[in-house]
*Asks:* 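Structure provided below as structure tokens; questions to follow.
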Amino acid sequence: MSDIGDVQELLQDFLTEAGEMLEDVDRKLVELESSPSDRKLLNAIFRGFHTIKSGAGFIGAQEIVDLCHRTENLFDQLRSDRLDLRPAMLDVILAVTAEVKRMMGQMGNGHAPSAAPSDLLQNLDAYASGQAPADIGASPAVREVASGATSGQAPAEVGPTGPDWQLLLDAIAPRDGTLDYTRGGEPGVSESSTAPAPKAAGAPRASVGKENTIRVDTARFDQILNLSGEIGLIKNRLNCLRAGLQGGAEDARRSLEVALTGLDTLVSDLQSAVMKARMQPVGRVFQKYNRLARDVARTLGKEVDLIIEGAQTEVDKTILDELNDALVHLVRNAVDHGLEEPAERAAAGKPGRGAIRLSASQDGDHIVIEISDDGRGMRPEFIRQKAVQMGLISAEEANALDDRACLRLIFLPGFSTKTEISAVSGRGVGMDVVRNNIERLKGRIELSSTPGKGSQVRVYLPLTLAILPVLMMKLAGQTYAMPLNAVREIIALDVEAAQSVAGAPHVVVRGEVLPVVELAELLGRPRSDAVRIGVVASAGERGYVLAVDSFVGQDEVMIKPLEGLRPRGVAGATMSGEGVLVLVLEMRELLEGRL
């Protein structure tokens with residue numbers, strides 16, 4: 001490794017592989033709690049720590065080596081039946097994986113890993129020697145979950161702790177003080193970040209919780225390579241035909257049509273192949289929540305089994321990354337709010353251990369994620385009364401809500417059924433965050449519940465955000481686009497014939513009274529006298545009719561952000577087939593406070 005790039009790539013490879021191994025170790029540790037004498041699990045966890053220790057030793061991260069070595073000593077005692085695994089001992093072992101993740105976060109940010117807390121090291125040594133530590137304390141993972149943290153962010157300032165690590169940092173950092181992380185970035189995206197001097201603080205590059213790497217089956221890349229080669233051949237053919245067209249040859253024109261048809265097919269296939277390369281199984285994210293559910297349940301004195309189904313269902317990596325925070329809230333709420341205390345479950349004739357089911361499946365061009373529990377369920381009347389009591393809605397508004405609408409009150413900012421704020425819940429921000437995150441991903445969320453039996457949360461998301469199906473509309477000569485997943489149908493609209501309800505125009509569509517919203521009014525543009533068209537669409541649970549001049553048709557577009565500019569209600573821009581700039585509307589923002 002005489003070259004800087006080799007050392008940097010070695011570090012990145014270690015962080016990626018060790019991170020995946022730690023996730024696997026965490027999952028096996030949660031399984032071990034239910035089967036403490038399972039020799040196969042004990043050996044697998046021991047090998048995991050040993051492999052991480054070996055990799056850390058190779059790059060000179062002595063702090064990780066020392067922590068993993070002490071953990072190996074403890075597992076030697078467990079594997080030889082000289083010790084029995086106890087819950088407090090497992091808390092210490094889980095604290096070790098949290099510390100290793102923290103150290104790796106520091107390394108990923110260009111810093112040396114700081115040493116593990118002395119009390120954790122002492123507890124490991126005490127257990128390995130057969131003694132009982134005086135004070136174990138809560139594991140760092142439990143503290144992170146309790147405080148709402150979702151990723152192991154490295155501290156802002158750390159220093160090197162050993163000459164080997166110092167040499168590694170010196171080798172990685174070029175003289176201009178920058179690090180090139182493009183090796184681990186998204187395909188086609190170049191990233192850079194400023195690396196501080198070894199002893200100085202700096203802005204973190206990335207946390208361990210959000211990887212910038214992606215593993216792709218080589219067969220998918222072979223397909224991309226083949227398609228790229230065929231497109232190159234078509235390009236050469238088009239160049240030849242262009243020369244022939246200059247002479248006006250009729251045969252050249254026909255050949256051009258054939259070549260363009262072939263190019264259209266190849267570009268579509270290439271686009272599909274690249275999209276598949278970004279698809280990742282949801283199981284890579286889901287497996288993290290075994291540890292989360294276990295730690296929250298232990299903090300609250302509950303017992304829980306997290307059952308994962310459909311782990312091989314694939315979705316775009318970008319969506320998986322953005323979905324993490326929402327799933328953290330949903331799993332945590334299922335344990336905290338959904339599941340009863342063991343005594344309450346026993347009185348209701350339920351098993352002492354609660355069950356939370358996390359599943360994923362594909363439905364057409366959408367992925368459906370469901371989080372369900374066998375807990376106490378939600379009572380619509382109680383939620384209605386609580387919302388009125390907290391002043392979030394009026395009594396008149398509450399009386400007009402059906403049971404389904406009452407359940408959706410839990411998404412209101414500030415709503416909480418807890419009377420006291422705890423380390424886990426009670427501030428009324430969790431479900432509001434979930435709804436906003438899901439809607440930002442162009443998805444929707446549905447609730448259902450049976451009091452005494454449990455609740456279900458279903459999240460519907462597009463498989464990818466790279467290509468967005470849209471409806472093209474015209475207003476005052478300008479073309480706009482809105483996501484097609486919110487559109488129900490297109491109708492002829494006579495605004496003058498609309499009926500006034502509460503001072504706003506409404507029309508009846510298939511027996512449903514819907515408000516009419518003028519796109520011109522939302523965008524602050526003058527209305528035209530063109531033939532009116534109504535786009536019947538949905539915003540959450542509410543329907544509406546968007547009045548526009550005309551519609552162009554359906555299209556699939558790639559959204560580009562507007563650099564340095566983010567107008568309210570505009571998600572980005574794209575180009576139409578005619579080369580015209582088209583703004584893609586963010587209807588949720590435009591309609592805020594209107595429905």
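Note: hydrogens, waters and symmetry copies are ignored here, and every other heavy atom, side chains too, is used. Numbers for residues simply follow the sequence, beginning at 1. If you're wondering where the values come from, they're calculated on a predicted model, not measured in any experiment.
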*Asks:* Applying salt bridge (charged side-chain N to carboxylate O under 4.0 Å, His left out), run through D363 and R458 and close with a yes or a no.
*Replies:* CA-CA 12 Å; D363 182 11; R458 292 182 184 86; over 6 Å; no
*Asks:* Scan side-chain atoms only and decide if S359 and E370 contain a donor-acceptor pair under the 3.5 Å cut-off.
*Replies:* no
*Asks:* In Å, rounded to the nearest 0.5 Å, how long is the span from CG of L32 to NZ of K28?
*Replies:* 11.0 Å
*Asks:* Quick one: CZ on R47 to OG on S54, what's the gap to the nearest 0.5 Å?
*Replies:* 13.0 Å
*Asks:* What are the two closest non-hydrogen atoms of A56 and I64, and how far apart are they?
*Replies:* CB-CG2, 3.6 Å
*Asks:* Verify the distance criterion only: is there a donor paired with an acceptor across the side chains of R70 and N73 at less than 3.5 Å?
*Replies:* no
*Asks:* Are the side chains of E23 and E20 in contact, using a 4.5 Å heavy-atom criterion?
*Replies:* no
*Asks:* For the residue pair F46 and H50, categorise the inter-ring angle as parallel (less than 30°), tilted (30 to 60°) or perpendicular (more than 60°).
*Replies:* parallel
*Asks:* List for me each residue that meets salt bridge (charged side-chain N to carboxylate O under 4.0 Å, His left out) alongside D402, sequence neighbours excluded, and say none if there are none.
*Replies:* none
*Asks:* Between D66 and Q62, is there a donor-acceptor pair closer than 3.5 Å when you use the side chain of the first and the backbone of the second?
*Replies:* no
*Asks:* Does some side-chain heavy atom of V285 sit less than 4.5 Å from a side-chain heavy atom of L323?
*Replies:* no
*Asks:* Nearest 0.5 Å, please: how far is CD in Q280 from CD in Q312?
*Replies:* 11.0 Å
*Asks:* Can a donor-acceptor pair be found, under 3.5 Å and without considering hydrogens, that links the side chain of Q77 to the backbone of L83?
*Replies:* no
*Asks:* Look at the side chain of T97 and the backbone N and O of L94, then say whether any donor-acceptor pair between them is shorter than 3.5 Å.
*Replies:* yes
*Asks:* Could you check whether any side-chain heavy atom of Y289 comes within less than 4.5 Å of a side-chain heavy atom of N324, counting everything from C-beta outward?
*Replies:* yes
*Asks:* Do any N or O atoms from the side chain of S372 and from the backbone of L358 form a donor-acceptor pair under 3.5 angstrom?
*Replies:* no
*Asks:* Is the number of heavy atoms from other residues, nucleotides or ligands within 6.0 Å of CZ (R79) greater than 12?
*Replies:* yes
*Asks:* Using 4.0 Å as the upper bound for N to carboxylate O, is an ion pair formed by R27 and D24?
*Replies:* yes
*Asks:* Show, in sequence, the C-alpha distance, side-chain angles and deciding distance for D91 and R294, and conclude whether the salt bridge (charged side-chain N to carboxylate O under 4.0 Å, His left out) test is met.
*Replies:* CA-CA 10 Å; D91 283 342; R294 182 264 177 199; 2.9 Å; yes
*Asks:* For the residue pair K386 and Q389, establish whether any side-chain heavy-atom pair is separated by less than 4.5 Å.
*Replies:* yes
*Asks:* Starting from the C-alpha separation in whole Å, work towards a yes-or-no answer on side-chain hydrogen bond (donor to acceptor under 3.5 Å, both in side chains) for Q456 and S448.
*Replies:* CA-CA 5 Å; Q456 299 82 38; S448 60; 2.8 Å; yes
*Asks:* What's the shortest heavy-atom distance between A293 and V304, and which atoms?
*Replies:* O-CG1, 3.6 Å
*Asks:* Rounded to the nearest 0.5 Å, what's the gap from CD on E446 to CG on L407? Could you check?
*Replies:* 11.5 Å
*Asks:* From the options R345, R357, K453, select the one residue that forms a salt bridge (Lys or Arg N to Asp or Glu O under 4.0 Å) with D374.
*Replies:* R345
*Asks:* Is any side-chain heavy atom of N290 closer than 4.5 Å to one of I308?
*Replies:* yes
*Asks:* If you apply the rule side chain to side chain contact (heavy atoms under 4.5 Å, CB included), what do you find for E439 with R435, and how did you get there?
*Replies:* CA-CA 6 Å; E439 290 181 350; R435 183 191 61 181; 3.7 Å; yes
*Asks:* Restricting to non-hydrogen atoms, name the atom on G414 and the atom on M390 that form the minimum distance, rounded to 0.1 Å.
*Replies:* O-CE, 2.9 Å
*Asks:* Are Q362 and I367 close enough, and set up right, to give a side chain to side chain contact (heavy atoms under 4.5 Å, CB included), and what steps lead you there?
*Replies:* CA-CA 4 Å; Q362 185 174 341; I367 182 176; 5.7 Å; no
*Asks:* Can you name the nearest heavy-atom pair linking E314 to P281, along with the distance?
*Replies:* CG-N, 4.1 Å
*Asks:* Verify salt bridge (charged side-chain N to carboxylate O under 4.0 Å, His left out) between R298 and D295, making sure each step is shown before the conclusion.
*Replies:* CA-CA 5 Å; R298 183 155 170 75; D295 284 345; over 6 Å; no
*Asks:* With side chains defined as the heavy atoms from C-beta onward, is the minimum distance between I93 and I45 less than 4.5 Å?
*Replies:* no
*Asks:* Could you state the interatomic distance from CG (L461) to CG (D316), rounded to the nearest 0.5 Å?
*Replies:* 11.0 Å
*Asks:* Quick one: pull up CD in E344 and NZ in K350 and give me the separation to the nearest 0.5 Å.
*Replies:* 8.0 Å
*Asks:* Of all the heavy-atom pairs spanning I393 and A398, show the shortest one and how long it is.
*Replies:* CD1-CB, 3.6 Å
*Asks:* Under the 3.5 angstrom rule, does the side chain of R384 hit a backbone N or O of L401 as a donor-acceptor pair?
*Replies:* yes
*Asks:* Please assess I410 against N333 for the test side chain to side chain contact (heavy atoms under 4.5 Å, CB included), listing each intermediate value before the final yes or no.
*Replies:* CA-CA 12 Å; I410 69 173; N333 277 7; over 6 Å; no
*Asks:* Under 6.0 Å from the CG atom of N399, do we count more than 12 heavy atoms belonging to anything else shown?
*Replies:* yes
*Asks:* Which atoms form the tightest heavy-atom contact between I445 and I438, and what is the distance?
*Replies:* N-CG2, 4.4 Å
*Asks:* State, yes or no, whether a side-chain contact exists between T313 and V368 at a heavy-atom distance under 4.5 Å.
*Replies:* no
*Asks:* Counting only heavy atoms not in R86 (residues, nucleotides, ligands), do more than 12 fall under 6.0 Å from its CZ?
*Replies:* no
*Asks:* Start with the C-alpha gap between E99 and L120, add the side-chain angles, then the distance that decides, and say whether side chain to side chain contact (heavy atoms under 4.5 Å, CB included) holds.
*Replies:* CA-CA 9 Å; E99 278 299 309; L120 176 60; 3.5 Å; yes
*Asks:* For R444 and S538, does a side-chain donor sit closer than 3.5 Å to a side-chain acceptor?
*Replies:* no
*Asks:* Kindly write out the residues that satisfy side-chain hydrogen bond (donor to acceptor under 3.5 Å, both in side chains) with T450, not counting sequence neighbours, or none if the list is empty.
*Replies:* none
*Asks:* Side-chain contact test, heavy atoms from C-beta onward, threshold under 4.5 Å: evaluate it for I369 versus F286 and give yes or no.
*Replies:* yes
